[in-house]
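Taking it in order: structure first as structure tokens, then the write-up.
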Amino acid sequence: MALIVQKYGGTSVGSIERIENVAERVMRARAAGQDVVVVLSAMSGETNRLIGLAREINPRPSERELDVLVSTGEQVTIALLAMALEKRGQPARSYTGAQVRILTDSAHTKARIRRIDTDRMREDLSAGRVVVVAGFQGIDEHGNITTLGRGGSDTSAVALAAALHADECQIYTDVDGVYTTDPRVVAKARRLDKITFEEMLEMASLGSKVLQIRSVEFAGKYNVPLRVLSSFSEGPGTLITLEDNDMEQALISGIAFNRDEAQLTIKGVPDSPGIAYRILGPVAEANVEVDMIVQNVGVDATTDLTFTVHRNDFEKALEILRRVAAELGAREVSGNEQIVKVSVVGVGMRSHAGIASRMFKTLADEKINIHMISTSEIKISVVVDEKYLELAVRALHDAFELDRAPNGAGH
Ligand code: ADP
Ligand code: ASP
Ligand code: MG
């Protein structure tokens, strides 16, 4: 008998009607002869609401207590779904992460899964029960509740699928698959039948929140067949898979963007060996992750350094930079929170030149100024002013003809 792990996101369990709808889907999988483990998110908006409550008490609550609080959202939906299944005559049992025993490290609010005990779930499955597991949460070796970072239910689902050697992990959400870019920004965005783990990982890391980054990492590592589908409509969705010859031969498979970054610049620093370390060392020590970095060499033996950090870390980074600037005798420190990173992604880029210049020309034609550029084998990212986000993404989507299926596409 096939074993399927199905994960439903916040919108898909956002009301009682929608939970009933999920129950119907699970019933259909059962009727088709499948064993089913369901992973649920909290109702949409609930995790944010809980974080808001915490902040009313303390703008910086302890992360341990935050995890105790935000993990409750998922406990509500799992119990409601189990009830909806029982009402339909389908035996079911819901479990929190701690009950299953999803063992994680102790990094509260961003814990990593270490091990999953499958005995209890297997027992339920052999007894004909549907297992409903709370996503986003686990427990550390000391018995503390942990959570896996925002969007973490995707990772719970993939990790369970890997541990159970499931035949497929299905991620049900409010769009019917992975698109060439966020369909909420570009109406002409096209659903992809397939995308490689590598490209999906790049899209997720560069800001496409349709799948949490770690879920894709996990799926790639353990070769878990992963599919993104709509919980509201029928259809094949998008399969995330290993590269094969049957794949669409597109140069670019998608465009990702990230609104969560901010840019900092320090100007007129004496240009001497170790200067990047003296500037970025203290930033790293404060646990602020730096993304893009650009260093310009000035004429008068000074240099300018620009880098980006997560917007949540902007103030912290600015403070550090001002201190470092005073120490080094730098001329000026500035910051900009109104920027975004826009990236084009595709494995086809490896064997084709000219993608970068096409990207830069497209932005130039729209009179969009580029602040920073970074490239890898399969992506090109630029930082531009936030006000140009939609324009940039739409123009690039047109320029690379992403609304059209590439010739020789394998579907
Ligand atoms: P869930 O609550 O089900 O986990 P999310 O909001 O986390 O759902 O993810 C689904 C959303 O991801 C979509 O509503 C869509 O706006 C957004 N998204 C961003 N990039 C893409 C993309 N390339 N393809 C599909 N959806 C995308
Ligand atoms: N409820 C959590 C969040 O909002 C986890 C998830 O939905 O995947 O981030
Ligand atoms: Mg999500």
Side-chain angles (χ1 to χ4, degrees), residues 6-14 18 21-22 39-52 66-67 69-78 96-97 109-111 133-138 146-160 170-195 199-216 227-233 235 237-238 240 252-260 342-346 389-390 393 396-397 402-403:
Q6 299 188 334
K7 178 259 172 177
Y8 294 89
T11 326
S12 308
V13 293
R18 287 185 172 173
N21 169 59
V22 168
V39 176
L40 296 185
S41 287
M43 289 180 162
S44 56
E46 178 64 4
T47 308
N48 287 342
R49 189 186 74 85
L50 293 167
I51 293 172
L66 204 54
D67 277 352
L69 180 69
V70 298
S71 61
T72 60
E74 274 73 10
Q75 192 169 338
V76 172
T77 50
I78 55 169
T96 63
T109 76
K110 46 180 177 297
V133 181
F136 180 51
Q137 56 180 261
T146 54
T147 63
L148 310 178
R150 298 307 303 270
S153 299
D154 296 333
T155 303
S156 309
V158 173
L160 279 168
Q170 303 172 341
I171 306 287
Y172 288 91
T173 182
D174 53 7
V175 279
D176 65 348
V178 177
Y179 278 68
T180 46
T181 193
D182 190 339
R184 290 181 209 282
V185 170
V186 179
K188 280 198 287 184
R190 183 171 54 87
R191 184 182 58 77
L192 300 164
D193 284 333
K194 288 184 184 178
I195 183 168
E199 286 169 316
M200 191 65 239
L201 191 60
E202 204 68 39
M203 291 280 281
S205 327
L206 294 169
S208 296
K209 288 176 181 147
V210 59
L211 286 174
Q212 200 201 29
I213 304 170
R214 262 183 218 163
S215 70
V216 188
R227 198 181 281 279
V228 175
L229 310 119
S230 165
S231 59
F232 305 118
S233 62
T238 300
I240 293 103
I252 302 298
S253 52
I255 301 172
F257 51 84
N258 189 346
R259 291 186 174 98
D260 296 336
V342 177
S343 313
V344 298
V345 175
L389 171 68
E390 273 88 6
V393 176
L396 291 168
H397 201 271
L402 292 181
D403 53 325

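Counting starts at 1 for both ligands and their atoms, in listed order. Excluded from the calculations below are hydrogen atoms, water molecules and symmetry mates; all remaining heavy atoms, backbone and side chain alike, are included.
- Under a 4.0 Å criterion applied to the non-hydrogen atoms of Val178, ligand 1 contributes the atoms 24 (N).
- Taking the charged nitrogens against the carboxylate oxygens, Arg184 and Asp174 do have a contact shorter than 4.0 Å, which makes a salt bridge.
- Rounding to the nearest 0.5 Å places OH of Tyr179 at 15.5 Å from CD1 of Ile255.
- Once rounded to the nearest 0.5 Å, the distance linking OG of Ser156 with CZ of Phe136 reads 9.0 Å.
- Under a 3.5 Å cut-off, the side chain of Arg191 and the backbone N or O of Thr238 do not form any donor-acceptor pair.
- Remark: distances from the non-hydrogen atoms of Ser12 to ligand 1 are all 4.0 Å or more.
- For atom 7 (O) of ligand 2, the nearest protein heavy atom (residue, atom name, distance) is Ser41 OG, 3.0 Å.
- Contacts of Glu74 with ligand 2, taken as heavy-atom pairs under 4.0 Å, involve the side chain alone.
- Less than 4.0 angstrom separates some heavy atom of Thr173 from each of these atoms of ligand 1: 1 (P), 3 (O), 8 (O), 9 (O), 10 (C).
- Ser253 places a side-chain N or O within 3.5 Å of a backbone atom of Val345 that can act as its donor or acceptor partner.
- Under a 4.0 angstrom heavy-atom cut-off, Gly135 registers as lying outside contact with ligand 2.
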Test side-chain hydrogen bond (donor to acceptor under 3.5 Å, both in side chains) on Thr146 and Asp67; report intermediate values, then the result.
CA-CA 6 Å; Thr146 54; Asp67 277 352; 5.6 Å; no
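- The protein heavy-atom contact nearest to atom 7 (O) of ligand 1 is Lys209 O, 3.5 Å.
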Working for side chain to side chain contact (heavy atoms under 4.5 Å, CB included), residues Thr180 and Leu192:
CA-CA 7 Å; Thr180 46; Leu192 300 164; 4.0 Å; yes
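- Backbone and side-chain nitrogen or oxygen atoms of Gly10 are examined, and one is located within less than 3.5 angstrom of a nitrogen or oxygen of ligand 1.
- Shortest contact from atom 4 (O) of ligand 2 to any protein heavy atom: Arg150 NH2, 2.9 Å.
- Between Phe232 atom CZ and Asn21 atom CG the span is 7.0 Å, to the nearest 0.5 Å.
- The nearest protein atom to atom 21 (C) of ligand 1, hydrogens excluded, is given as Asp182 CA, 3.7 Å; this is a heavy-atom distance.
- Neither the backbone nor the side chain of Thr180 comes within 4.0 Å of ligand 1, counting heavy atoms alone.
- Nearest protein heavy-atom neighbour of atom 25 (C) of ligand 1: Gly177 O, 3.4 Å.
- Scanning all protein heavy atoms for the shortest distance to atom 14 (O) of ligand 1 gives Arg184 NH2, 2.4 Å.
- When hydrogens are left out, the protein atom nearest atom 27 (C) of ligand 1 is Val210 CB, 3.7 Å; that is the closest non-hydrogen contact.
- With hydrogens and angles ignored, the 3.5 Å screen pairs a side-chain donor or acceptor of Gln212 with a backbone N or O of Leu148.
- Residue-level proximity to ligand 1 for Ser153 is absent, since no heavy atom of it falls below 4.0 angstrom.
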Passes side chain to side chain contact (heavy atoms under 4.5 Å, CB included), Thr96 versus Ser71? Steps please.
CA-CA 9 Å; Thr96 63; Ser71 61; over 6 Å; no
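- Nearest protein heavy-atom contact of atom 24 (N) of ligand 1 is Tyr179 N, 2.9 Å.
- When all heavy atoms of Val185 and Arg259 are compared, the pair lying nearest together is CG2-NH2, 4.4 Å.
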Given Ile171 and Lys7, is the side chain to side chain contact (heavy atoms under 4.5 Å, CB included) satisfied, shown in steps?
CA-CA 5 Å; Ile171 306 287; Lys7 178 259 172 177; 4.0 Å; yes
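- In this structure, the protein non-hydrogen atom closest to atom 4 (O) of ligand 1 is Lys7 NZ, 3.1 Å.
- For Gly10, the closest heavy-atom approach to ligand 2 does not fall below 4.0 Å.
- Close contacts of ligand 1 with Asp174, meaning ligand atoms under 4.0 Å from a residue heavy atom, involve 10 (C), 11 (C), 13 (C), 14 (O).
- Polar contact check, Asp154 against ligand 1: no nitrogen or oxygen pair lies under 3.5 Å apart.
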